[in-house]
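The figures here come from the full heavy-atom set of this structure, side chains too, leaving out hydrogens, waters and symmetry mates.
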Amino acid sequence: MSEFASGYLVAFFFWFSISFGCLGILMIQHLTGGHWGFGIRRPLEAAAKTLPLMLVLFIPIILLSHDIYPWSHEAEAAQLGNKAKYYLNIPFFVGRAVAYFIIWSGLAFILSKFSLEQDKTNSVDSAIDVAQKCRNVSGPGLLISALTITFASVDWLMSLDPHWFSTIYGILTIGGCLLNSFAFMIIVLSQVGNREAMKGYIGSKHFHDLGKLLLACVMLWGYFNLSQLLIIWSGNLPEETIWFIRRRGGGWEYVGPALILLHFAVPFFLLLNRSLKKKPHIIAMVAGFLMVMRLVDLFWLVQPEFHGGVISPTAVVVTIVSAGIIGAIWLGLFFKLLSSNPLLPLHDPYIQKEAIVHGGH
Amino acid sequence: MEANSATAHQHQEPVLKDVIPVVNPGHNFETVSDKISSIVLRERTPITLIMALGIAFLVMNLLMAALTKLLYQGVGVWGLNTPVGWGLDITTFVWWIGIGHAGTLISAILLLMGQKWRTSINRFAEAMTLFAVACAAIFPLFHTGRPWFAAYWLLPIPNTMALWPQFRSPLMWDVFAISTYGSVSLLFWYVGLIPDLGTMRDRAKNQIVKMIYGMLSMGWRGEARHWARYETIYNLLAGLATPLVVSVHTIVSFDFAVSVIPGWHTTIFPPYFVAGAIFSGFAMVLTLLLPARYLFNLHDFVTMRHIENMAKVMLVTGLMVFYGYNMEAFFGWYCGNEYEFYMIYNRMTGPYWWVYWLLIFCNGVAPQVLWIKKVRQNVYILWGITIIVNIGMWFERFIIVVTSLHRDFMPSVWGMYAPTIWEWMLYAGTIGMFIFLMILFVRALPMIPMFEIKTLLPQSKVRHKE
């Protein structure tokens, strides 16, 4: 049963990280502006609006929590003492998860509503007022999201080993969500960029910008992971090194170096290339490859805590199958949401400004 | 040339009611050069500036006195003792290094990201970076009390004693990180100055002044070839400087984090230190820039747009730092390790509790007023906030350095640390030196890049007719 439960957790978190990451990027885009956001606002909104679906898909994790989380067993909880009493217990765990999803979904729907409201405005000034409303939501929204995802990452992933902790974990998770979401957005844009509605608006410039952001995310991923590894390795404290020791045997010793090579080094050098970033179909291939590596990375974060520390072929199959099934449902909803609204925001004054500046390139 | 064509395009954009210009209207090439170069070449030095220079010089002499005493008598003149072996020296070192981060961030990263608003403030911020790094470098050099050994203590220089530094130690990496950062920042700043030094040479009336600017401008004639090479080298240096912004403070954070001291050994340190560095750097830029803007009447070039943007960067990085404090507190409880928990408990309620809560107020609570647009646009309140942040960031390093050390694992080696007058003098002296150098800079060099401002003017549009 633990093969199924742990595989499902990996697949769930993979798709969740796109929903959440897109919400984050959407809010960052509202606050910073910039032409990189041109063309992906509606896809971001559609992806963020899948968050309620992720709450539904979270139910199996609650039902299977005894197979996933050691702290849900009384013996382990007794050993953990106050931590289990006040934090790692099923009622609070479920309550927190529901609260996170309500907050995130609320933000996604409010921002999407404002964005559609802006489509109906008929003057630059009133469009700016709506943009201001989006910014007013995005500022505090980003803050709350950063905090909630940190605790969500502790709840859902870090507490797989309730004794282990690393203070950078929340930031690592945020970095992973952003990386996965940028990669997904590049693929979506390469697919819908040729549509009639997008023609003449989406150019290599946009792929170049998104490619640069993808590169930045790859570098951040490397930076955060290196920081964690170097500090834990140097400190050499048993309660911390256990996490890496578990990933040094049972087949995991090949996964770690493979991640350094394929999740960092190869994409890093590929993405340095300017002409590669400007070709939609090639950058989309790199992005697709990075999404696969995201799944491998999540597998590496979750699975060594199960099956006696050995890679379980069953869990591999379960992960791939459930990622496929969740993906089918997720993508179905995503494209339905995407097609129900205009593909480009109609009256965003900042985007119109960018369209004049960069359109036709 | 991408940056230039982007700036040229801006004049075709629709006018948006909420966008404040980066250069106030009514300027042309002539007035920009006049206004900025005349601060150095024509105008009389404001009396306030001369007085400030005098005070800064006096304060700088505290540094000389403190260093003399230190070298004459040894580090015993400081309040350091077991278990607190690092005190004001390292606290202040990290504080200065942090302040030295805004310059390169503004210059390099904002340049690569195509942010036009960096243009009027970059040189000022870079100069500040250089002087801050110079102040910072004093501390690692002198904190051993024997700087004459520094050559082979810090650098891997072959010597007859076959002594080598520990290559695995971040203290060793720090030497390279900071010296690289210092040299690249200096080069970047100087290269960016060259076209303006040419302008200064052409405008100077005094022959000696003309000669000095002439030599410094390295024969700049504004040829197309010069400009092409300039653009290439400037963008290359920006690319080189970008990773340095992150690496320097990351390695400074490793100085602490690779140990096993509760309060130092925590994986969030690298990104949290980098955010803190940018936070304090922007605060210091505003602390100095706001009075300079007033004193030299630079309102046309340093507009509310710059000030608001810097305030926003401060708000964001301040929130990141505050996130770090909260993570330390949460994981102090969550980890279940009694030493870790005691560390955070001791910070909040121990003998240095007031420093901790002052730090929370200065860096966590006070900057939250920057959410309000009216506050971001009120230079007086904003200036007050920057002072609070500067103080708060110093307290942060004090908390990290001192409170983590003063409660060792066993109560038998617990102790307290109180800085002596010589440490305070050293700290104050570096502030004096910093301000002294900044005043010399604004008097001797154009503090705002004239040629870059010109690319923002409507007049420059002609050059890029497409």
Side-chain angles (χ1 to χ4, degrees), chain A residues 31-32 34-35 79-83 86-88 124-125 127-129 131-132 139-140 142-143 146-147 150-151 154 158-159 162-172 175 209 212 219-220 223-224 226-237 239-240 349-350 352-354 356-358, chain B residues 5-6 8-19 112-115 168-170 242-243 246-247 250 253-254 256-261 264-275 312 315-316 319-320 322-324 326-337 340-341 371 373:
Chain A
L31 289 173
T32 63
H35 40 71
Q79 210 190 338
L80 287 167
N82 277 347
K83 195 200 286 192
Y86 296 118
Y87 193 78
L88 294 177
V124 177
D125 281 1
I128 286 177
D129 292 336
Q132 184 60 46
L142 211 51
L143 178 64
L147 283 174
T150 301
F151 288 105
V154 174
M158 197 201 280
S159 76
H163 296 279
W164 186 77
F165 70 99
S166 169
T167 45
I168 203 175
Y169 206 84
I171 297 174
L172 252 175
D209 284 335
K212 283 194 250 182
M219 291 198 286
L220 280 180
Y223 172 64
F224 294 152
L226 175 70
S227 301
Q228 177 173 276
L229 173 64
L230 194 73
I231 290 169
I232 290 179
W233 173 76
S234 285
N236 205 16
L237 294 171
E239 67 261 36
E240 292 176 356
Y350 307 99
Q352 281 186 342
K353 184 181 80 172
E354 300 296 346
I356 293 166
V357 177
H358 300 284
Chain B
S5 57
H9 273 303
Q10 68 166 327
H11 309 290
Q12 302 155 16
E13 295 163 12
V15 179
L16 302 178
K17 66 170 180 179
D18 59 340
V19 177
L112 295 180
M113 295 200 311
Q115 296 289 318
R168 275 188 186 181
S169 165
T242 301
V246 176
S247 71
T250 297
S253 82
F254 284 160
F256 301 100
V258 298
S259 69
V260 292
I261 310 288
W264 285 8
H265 178 71
T266 180
T267 51
I268 205 173
F269 257 27
Y272 153 70
F273 263 55
V274 172
K312 282 179 187 167
L315 176 61
V316 172
L319 285 168
M320 290 179 188
F322 198 32
Y323 172 93
N326 287 312
M327 285 304 112
E328 277 186 320
F330 173 72
F331 283 102
W333 173 79
Y334 177 89
C335 71
N337 177 318
E340 286 283 336
F341 180 72
W371 285 96
K373 196 183 180 94

(message) Using the rule given for side chain to side chain contact (heavy atoms under 4.5 Å, CB included), can you reason through A/Tyr223 versus B/Thr250, listing the C-alpha separation, both sets of side-chain angles and the distance that settles it, and then say yes or no?
(response) CA-CA 10 Å; A/Tyr223 172 64; B/Thr250 297; 2.6 Å; yes
(request) Identify the residue among A/Thr167, A/Ile231, A/Leu172 that makes a side chain to side chain contact (heavy atoms under 4.5 Å, CB included) with B/Ile268. (result) A/Thr167
(message) Is A/Ile171 close to chain B through its backbone or its side chain, or both, or neither, when contacts mean heavy atoms under 4.5 Å?
(response) both
(message) If we define contacts as heavy-atom pairs under 4.5 Å, which of A/Leu147, A/Thr150, A/Asp209, A/Ile232 has the most with chain B?
(response) A/Thr150
(message) Need one label for A/Leu142: side chain, backbone, both or neither, based on atoms under 4.5 Å from any heavy atom in chain B.
(response) neither
(message) For A/Ser159, which atoms come within 4.5 Å of any heavy atom of chain B: side chain, backbone, both, or neither?
(response) both
(request) Side chain from CB out, backbone as N, CA, C, O: work out which of these in A/Pro140 comes under 4.5 Å of a heavy atom of chain B, or both, or neither. (result) both
(request) Would you name the heavy atoms of B/Pro270 and B/Phe254 that are closest together and state the gap between them? (result) CG-CE2, 3.7 Å
(request) Under 4.5 Å, counting heavy-atom pairs only, tell me which of B/Phe330, B/Tyr334, B/Phe331 racks up the most with chain A. (result) B/Tyr334
(request) For residues B/Leu319 and B/Trp371, report the shortest heavy-atom separation together with the two atoms involved. (result) CD1-CZ2, 3.8 Å
(request) Name the option with the most non-hydrogen atom pairs under 4.5 Å to chain A; the candidates are B/Glu328, B/Met327, B/His265. (result) B/His265
(message) A side-chain contact here means heavy atoms from C-beta on lying under 4.5 Å apart; do B/Glu340 and B/Trp333 qualify?
(response) no
(request) Output the option from B/Pro271, B/Pro170, B/Pro243 having the highest count of non-hydrogen pairs under 4.5 Å with chain A. (result) B/Pro271
(request) Measure distances from B/Asn326 to the heavy atoms of chain A and classify the residue's part below 4.5 Å as side chain, backbone, both or neither. (result) neither
(request) Can you tell which part of B/Thr266 gets under 4.5 Å to a heavy atom of chain A, answering side chain, backbone, both or neither? (result) both
(request) Can you tell which part of A/Trp164 gets under 4.5 Å to a heavy atom of chain B, answering side chain, backbone, both or neither? (result) backbone
(request) For the pair A/Ser166 (side chain) and B/Thr267 (backbone), establish whether a donor and an acceptor sit closer than 3.5 Å, ignoring hydrogens and angles. (result) no
(message) Ring-plane angle category for A/Phe151 and A/Tyr87, please: parallel below 30°, perpendicular beyond 60°, tilted otherwise.
(response) tilted
(request) Please assess B/Val316 against B/Lys312 for the test side chain to side chain contact (heavy atoms under 4.5 Å, CB included), listing each intermediate value before the final yes or no. (result) CA-CA 6 Å; B/Val316 172; B/Lys312 282 179 187 167; 5.5 Å; no
